[in-house]
There are 2 protein chains.
Amino acid sequence: MRLVLYSGGVDSTTALLWSLQTQETHALLFVYPSRHNAQELAHARAICEAHRIVYHTIDASALFAGFASDLLTPNAQSSTIPHGQYDANALSHLVVPFRNGIFLSIASGFAQSLGASKVVLANHAGDHPIYPDCSRAFIDSMGAAIVSGTGGAVQLVSPFCELDKAAIVRLGITLNIDYAQTYSCYEGGAKHCNQCPTCLESLEAFRQNGLVIER
Amino acid sequence: MRLVLYSGGVDSTTALLWSLQTQETHALLFVYPSRHNAQELAHARAICEAHRIVYHTIDASALFAGFASDLLTPNAQSSTIPHGQYDANALSHLVVPFRNGIFLSIASGFAQSLGASKVVLANHAGDHPIYPDCSRAFIDSMGAAIVSGTGGAVQLVSPFCELDKAAIVRLGITLNIDYAQTYSCYEGGAKHCNQCPTCLESLEAFRQNGLVIER
């Protein structure tokens, strides 16, 4: 069985529905105090329910109390999200240190308890260098740590590590994914802002595939 | 600055006081629902306060709700702790899957926020093979994941990875550590049971160093 770390966004929705084609797959959702978490989770749950996918939710909200990131509350209330394309200087204050390491570790322990032999992370080649915990080097060493630290019970799968977002959407089209149901926006509002780096990146990937998506 | 993962037991107390000899060092305590956590934390806090060591506490109690381990509540209430030396068959139900991976990942993100460049784990060569997340293979790959996933900001230090518990106590004696103040017992009672594998292992390490410790 595979366990997909699932945020309800373009990348992890594609990973989830890709995985379901070939193996029993559950989704794992994290509650944590980012400004967009409530919207993410609402969309993630709705997509799981529409596809009858079993999902689990882990409450990580208390973990990040001492973390320095303007993506997290309470800082999130007073900080502003830069608009426009990814810019390392403008965005570095939004990085949550080692977030993928933390979520993957918890997912791996939970997977072992659940009897799932694979955890799936939908990081991709287009993830900006300000996120070092999306890099190939991180994935390879974290994957080795998960194998050795679970006594071989769990492996990390990163199916999109060499793909960019346009290629992920191309795969998703073959899986009949309705990307209008997904959510990924730094602002965390009920509607996508269509101005933050995450929105612009998704719009560009849709455009490259000839899709017009209303989110 | 170093950040030591600290449980108040023999190994991590030695690591904490060893680290303090050469560098500014803070302790990191985790609240989580193991049967011995309350006693561990009380002793860890008391030792930090006695040595004027700054400590941080992260609440990881919600994370483990779906984990299968008889060390964790609610199972902990009804399960029994085997007495006698380590026995893989008797103890495997007490393993918390990937616990060191989870705690190290959280510690690494927190360290980056705090400006600490090292996280210190007091795993050692005598840790029983039922704990794969104490092995050299795990430490090496997890260390590489932490470096790459924090963009080089944080490194993992495992000072006792090649030492057994008797050698750790030998080091501690040179640091004038009072091991009577430490706590590490699977039972989690106010007094050490002196019958569980952890108690027996500590007693043997004290004996090999000619120490008689009342805990």
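Quick caveat, the model's predicted, so the values are computed rather than measured. In what follows, every chain begins at residue 1, and chains take the letters A, B, ... in the order their sequences are listed.
- The residue among Phe30(B), Phe64(B), Phe138(B) with the most heavy atom pairs within less than 4.5 Å of chain A is Phe138(B).
- Of the listed residues (Ala60(A), Ser61(A), Ala62(A), Gly143(A)), the greatest number of heavy-atom pairs within a distance under 4.5 Å of chain B belongs to Ala62(A).
- Contacts between Ile58(A) and chain B at a heavy-atom distance below 4.5 Å involve the side chain alone, from C-beta outward.
- Both the backbone and the side chain of Ile146(B) come within less than 4.5 Å of a heavy atom in chain A.
- Between Pro132(A) and Ser148(B) the shortest heavy-atom distance is CB-O, 3.2 Å.
- When each of Ala145(B), Ser135(B), Gly66(B) is checked for heavy-atom pairs under 4.5 Å with chain A, Ala145(B) comes out on top.
- The interface of residues 98-120 of chain B with chain A, defined by heavy-atom distances below 4.5 Å, comprises Phe98(B), Gly101(B), Ile102(B), Ser105(B), Ile106(B), Ser108(B), Gly109(B), Phe110(B), Gln112(B), Ser113(B).
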